[in-house]
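Here the structure is laid out as structure tokens; the discussion comes afterwards.
If you're wondering where the values come from, they're calculated on a predicted model, not measured in any experiment. Letters A, B, ... mirror the listed sequences (proteins, then strands); counts begin at 1. Any value given below was found using the heavy atoms of this structure, including those in side chains, with hydrogens, waters and symmetry copies removed.
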Amino acid sequence: MTFDETLAEQIRMCAACPKMCRHVCPTFFAWRSDSPTPHGRALLIHQSIIGTREIDERGIEVLFQCLECSHCLTWCKPEIDIATIVEEQRRVLVAEERRPKGLDEMALAIKQYHNPYSEPHASRNNWLSIKKKKEGKSLFYFTGCTAAYREQEIASSTVELLESLGYRISIGNGSSDEWCCGSPLFRTGDIELGLEQARHNTQMLNELDVEAIVVTCPGCFRVLSKDYPEHGLVLNKPVRHISELLDEIKDHLPAADFEGKITYHDPCHLGRHSNIYDAPRNVIKQVSHSNLTEMERTRDNAMCCGNGAGLRTLFPEHAKKIGMERVQQAKQSGASILVTSCPFCKNMLQSQSGNDLTVLDLPELVLQAKRSRKVKTH
Amino acid sequence: MLDSKTVKKLHKRLVSIVGTDYVHQQETDRVLNAHDAWPLSEAKLRSGEILPLADLIVYPATREEVSAILVAANEMEIPITPVGGGAGTCGGTLPIYGGIQLDLKRMSKIYEIDNQSMTIRAQAGVVGIDLEETANRHGYTLGHTPTSLRASNLGGFIATRSGGSMSSLYGKIEDLTLGLEVVLPDGSIIECKSVPRHSVGPDLRQLFIGSEGTLGVITEATLRLFPLPEERRFRSFSFPDIHSGLEAIRNIFRIGINPSIVRLYDPEDAAMSFSMHFEFEEGHCMLLLGFDGDIAHVNLDEDKSVDICNNHGGTDLGEGPSKRWWEHRYDMYYPTRLTTSGYAIGDTIDIVATYDKLENVYHSMKKVMEATGAIVMSHFSHMYQNGGSIYMIFFTSQPDAETAWAIYKKIWDDGVAACLKEGGTMSHQHGVGLSRSTYVDDELGSAFQVLKKIKESLDPKGIMNPGKLGLGVRK
């Protein structure tokens with residue numbers, strides 16, 4: 001049985017809740033129906049557990065519409081983690097070979113190319129120039145697929161920034177061959193293929209002679225620091241998110257005058273999933289002379305960007321609608337710069353930002369400050 | 001349920017109005033969208049029952065689309081159940097005769113705030129909390145804060161004649177609604193202009209406020225706004241019994257004070273809600289008061305209220321219990337292990353009466369409800385100059401579904417009968433829906449024929465939310 005009695009009880013409670021969290025569910029926002037909602041998904045699973053109804057093709061679609069952003073959990077007094085429950089159910093559906101076809105393609109791409117974008121593996125990091133330094137704290141930068149292929153500014157800014165701060169950076173290339181971290185697979189229930197990536201990465205990372213691993217992607221951060229160990233794959237060196245690393249040395253970071261106010265979008269995997277809220281804010285305040293303004297929905301109440309857990313793969317228009325709303329919330333704060341700390345979030349938010357909002361990832365912002373260049377907004 | 005040929009024809013017609021994406025026919029969608037917040041629905045879902053399903057769900061975005069859908073339903077004589085947030089507690093949105101569920105959630109535009117007139121105009125499908133937060137951003141409050149605020153929407157507020165926890169000061173939705181747009185069953189769109197008062201015959205707005213989708217579909221409304229209060233202050237008193245607490249409340253209103261919050265918990269509810277957090281004498285009732293306004297006004301109201309409470313035997317407990325209730329006011333709405341295990345079911349019969357009848361209604365209802373073996377605890381809330389509401393809360397747990405649903409019905413039947421016998425009215429703010437539908441005849445008496453005739457005139461084919469509000473019940 002997939003769900004033990006405790007989980008089954010939680011699912012039953014969620015299934016018949018008077019919808020206390022629905023108002024923050026991003027897929028409810030996108031569809032405006034009671035189907036793609038936390039209680040809708042719980043009801044599907046509850047009915048399956050007690051034998052009322054099997055999960056049909058439409059039910060599968062509803063379950064795979066969940067962004068696993070865990071915003072519902074913020075508003076759930078009984079603390080029912082429906083995202084994790086949905087992920088459990090996805091594992092069953094993947095094992096039964098019933099996941100949506102669009103995700104088969106994504107999984108196949110990761111299997112073949114070690115990235116979900118079907119890009120040649122050889123070109124993953126070979127474009128990044130690394131200085132051959134002999135001194136400084138040694139860090140391995142696990143770039144992640146999105147910064148490697150889609151948001152290369154983030155990867156290049158990260159390397160340039162960290163090197164300028166005195167770190168000795170190495171990246172996945174040649175013998176130290178970085179694969180997809182497996183996050184898209186873990187989150188969509190494909191544990192088997194996810195673990196294939198994880199085992200490779202664990203072995204590769206554990207053979208490295210570096211002091212720490214740094215990541216810019218919260219999806220990577222979560223799987224490396226939580227999912228890998230949960231499956232017995234323990235890394236022998238610390239994994240640091242770039243925001244934590246920069247926060248630790250914030251006194252050494254430069255400060256600059258930014259044109260317009262800055263606001264910060266909490267990535268779900270960094271905030272709600274990893275409880276890192278202050279580090280990126282501390283960094284932004286340091287480099288901008290405290291020019292940070294918050295959105296109404298912030299920290300553990302931050303709206304998801306819409307780019308997670310396969311939603312953009314399966315339902316691009318709805319994902320963009322969510323991203324657009326988050327951009328509107330940023331604009332409503334009066335900010336002209338939206339900073340996030342996630343290549344995936346940046347990718348979505350920038351695509352919806354229009355001409356009156358500049359979207360930057362955290363290392364990009366810090367690098368801009370370091371270059372003492374006024375960040376011109378549109 | 002409709003035959004497959006009719007469903008096919010209807011589907012085609014609805015798709016021509018709103019497009020393919022907004023007509024849902026699949027069973028999963030129909031099951032998930034049948035889910036309202038009626039405790040009996042929730043108990044049935046938990047126990048594995050399937051709620052009544054519509055044949056199709058349609059999601060219009062404009063008044064014109066609503067109109068075209070009603071024209072189609074009228075021509076084809078198909079039942080149509082409007083759905084707002086699906087947060088009703090009386091089964092009002094359950095499509096018990098199948099047909100169409102007309103879901104208004106896509107109609108979520110907030111059009112404008114009029115600062116000069118202090119009003120807000122929005123489509124019916126906007127969720128309550130989104131509307132309130134928008135008002136807050138402009139320095140206003142709707143003054144309408146039902147516990148369901150995160151799930152219920154504007155159309156549902158109005159259709160069920162709902163009330164918020166601060167209705168003593170701000171009023172219920174019938175007091176807050178200035179303008180209304182309604183699509184009638186024949187598809188015609190009518191507007192009740194937004195005006196503070198008028199003398200042009202009967203107030204037609206009030207015909208549709210509380211009509212629960214039986215007379216038409218509310219598509220847009222203009223509500224009053226209030227400036228966010230400079231001060232919100234809390235005060236709490238314990239009283240030795242219901243009578244002394246009610247007397248204090250009555251006298252507070254009598255001298256012209258309108259607290260924003262007035263809640264008197266009977267000994268059982270006081271023990272349940274506050275004894276874990278505050279010291280007060282066992283067996284005492286708990287009165288919570290809240291005051292909104294500018295500081296000078298609040299000072300005056302609070303001082304006078306404190307005097308009245310002291311003069312009626314109250315013990316001053318400071319702001320603690322009242323403030324705690326405010327900060328945790330949504331907590332009781334969440335499911336708990338106790339209330340969702342096995343065949344457990346709890347519900348609230350929210351009744352209303354004038355002061356001269358209120359205590360008798362309370363004692364009579366409590367007596368008959370407890371006679372079924374149910375746990376009963378109550379509070380008086382939503383109090384006014386002339387009387388107020390009682391939340392008669394009950395809980396029962398039975399070994400099997402059949403017994404549980406039967407006991408549940410008996411508690412309702414006996415509770416409402418006792419209320420009516422003592423001169424109370426069976427619903428203050430939750431509406432009628434399905435759970436109270438069979439009592440409307442007794443409640444309204446000879447006046448019911450007026451409502452029936454209006455229904456026959458506006459909806460001669462009886463397509464609008466049949467079986468609710470005691471109207472259009474089919475065999």
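- Annotation: the span from B:Glu133 atom CD to A:Arg297 atom CZ amounts to 5.5 Å, rounded to 0.5 Å.
- Of the two parts of B:Asp36, only the backbone, made up of N, CA, C and O, holds a non-hydrogen atom closer than 4.5 Å to a non-hydrogen atom of chain A.
- With respect to chain A, the highest number of heavy-atom pairs below 4.5 Å among B:Asp21, B:Leu149, B:Thr340 belongs to B:Thr340.
- Separation of atoms CG (A:Asp56) and OG1 (B:Thr28) is listed at 3.0 Å; rounding is to 0.5 Å.
- Chosen from A:Pro18, A:Ala15, A:Cys21, the residue pairing most often with chain B at heavy-atom distances under 4.5 Å is A:Pro18.
- B:Asp29 and A:Ser35 get closest at one heavy-atom pair: OD1-OG, 2.6 Å.
- With values rounded to the nearest 0.5 angstrom, A:Thr52 atom OG1 is found 6.0 Å from B:Ile50 atom CD1.
- A donor-acceptor pair is defined here as one N or O able to donate and one able to accept, closer than 3.5 Å; such a pair exists between the side chain of B:Asn33 and the backbone of A:Asp34.
- When the shell of 6.0 Å around NZ of A:Lys261 is examined, it contains 12 or fewer heavy atoms from other residues, nucleotides or ligands.
- For the options B:Ala151, B:Ala37, B:Pro39, B:Ala43, heavy-atom pairs under 4.5 Å to chain A are most numerous at B:Ala151.
- The candidate with the highest count of non-hydrogen atom pairs below 4.5 Å against chain A, out of B:Val31, B:Asp130, B:Asp103, B:Thr89, is B:Val31.
- In this structure, chain A has heavy atoms under 4.5 Å from both the backbone and the side chain of B:Tyr333.
- Heavy-atom distances place the side chain of A:Gln332, and not its backbone, under 4.5 Å from chain B.
- A donor-acceptor pair is defined here as one N or O able to donate and one able to accept, closer than 3.5 Å; no such pair exists between the side chain of B:Arg337 and the backbone of A:Gln10.
- Side-chain N or O atoms of A:Lys19 include none that pairs as donor or acceptor with a backbone N or O of B:Arg150 at under 3.5 Å.
- The main-chain N or O of B:Lys105 is found under 3.5 Å from a side-chain atom of A:Arg32 such that the two form a donor-acceptor pair.
- With rounding to the nearest 0.5 Å, the separation of CD1 in B:Ile129 from CZ in A:Arg22 is 12.0 Å.
- Chain A forms the most heavy-atom pairs under 4.5 Å with one residue out of B:Gly125, B:Gly85, B:Gly128, and that residue is B:Gly85.
- Proximity to chain A (any heavy atom under 4.5 Å) is restricted, for B:Thr336, to the backbone atoms N, CA, C and O.
- Under a 4.0 Å N-O distance rule, the pair A:Glu296/B:Arg137 qualifies as a salt bridge.
- The contact between B:Leu45 and chain A is made by backbone and side chain atoms together, counting heavy-atom distances below 4.5 Å.
- Heavy atoms of other residues, nucleotides or ligands lying less than 6.0 angstrom from CD of A:Glu54 number 12 at most.
- Contact of B:Glu27 with chain A is made through backbone and side chain together, with heavy-atom distances under 4.5 Å.
- Using a distance-only test at 3.5 Å, with no hydrogens or angles considered, a donor-acceptor pair links the side chain of A:His46 to the main chain of B:Arg46.
- To the nearest 0.5 Å, the span separating SG on A:Cys17 from NE2 on B:His35 amounts to 7.0 Å.
- The neighbour count for B:Glu402 CD, taken as heavy atoms of other residues, nucleotides or ligands under 6.0 Å away, does not exceed 12.
- Residue B:Ser148: no heavy atom, backbone or side chain, is found under 4.5 Å from chain A.
- Of residues 74-85 of chain A, those residues lying under 4.5 Å from chain B by any heavy-atom pair are A:Trp75, A:Cys76, A:Lys77, A:Pro78.
- There is no contact between B:Thr339 and chain A, counting heavy-atom distances below 4.5 Å.
- At a 4.5 Å heavy-atom cutoff, B:Tyr22 makes no contact with chain A through either its backbone or its side chain.
- One distance of note links CE of A:Met20 with OG1 of B:Thr147; it measures 7.5 Å at 0.5 Å rounding.
- A donor-acceptor pair shorter than 3.5 Å cannot be found between the side chains of A:Arg12 and B:Ser341.
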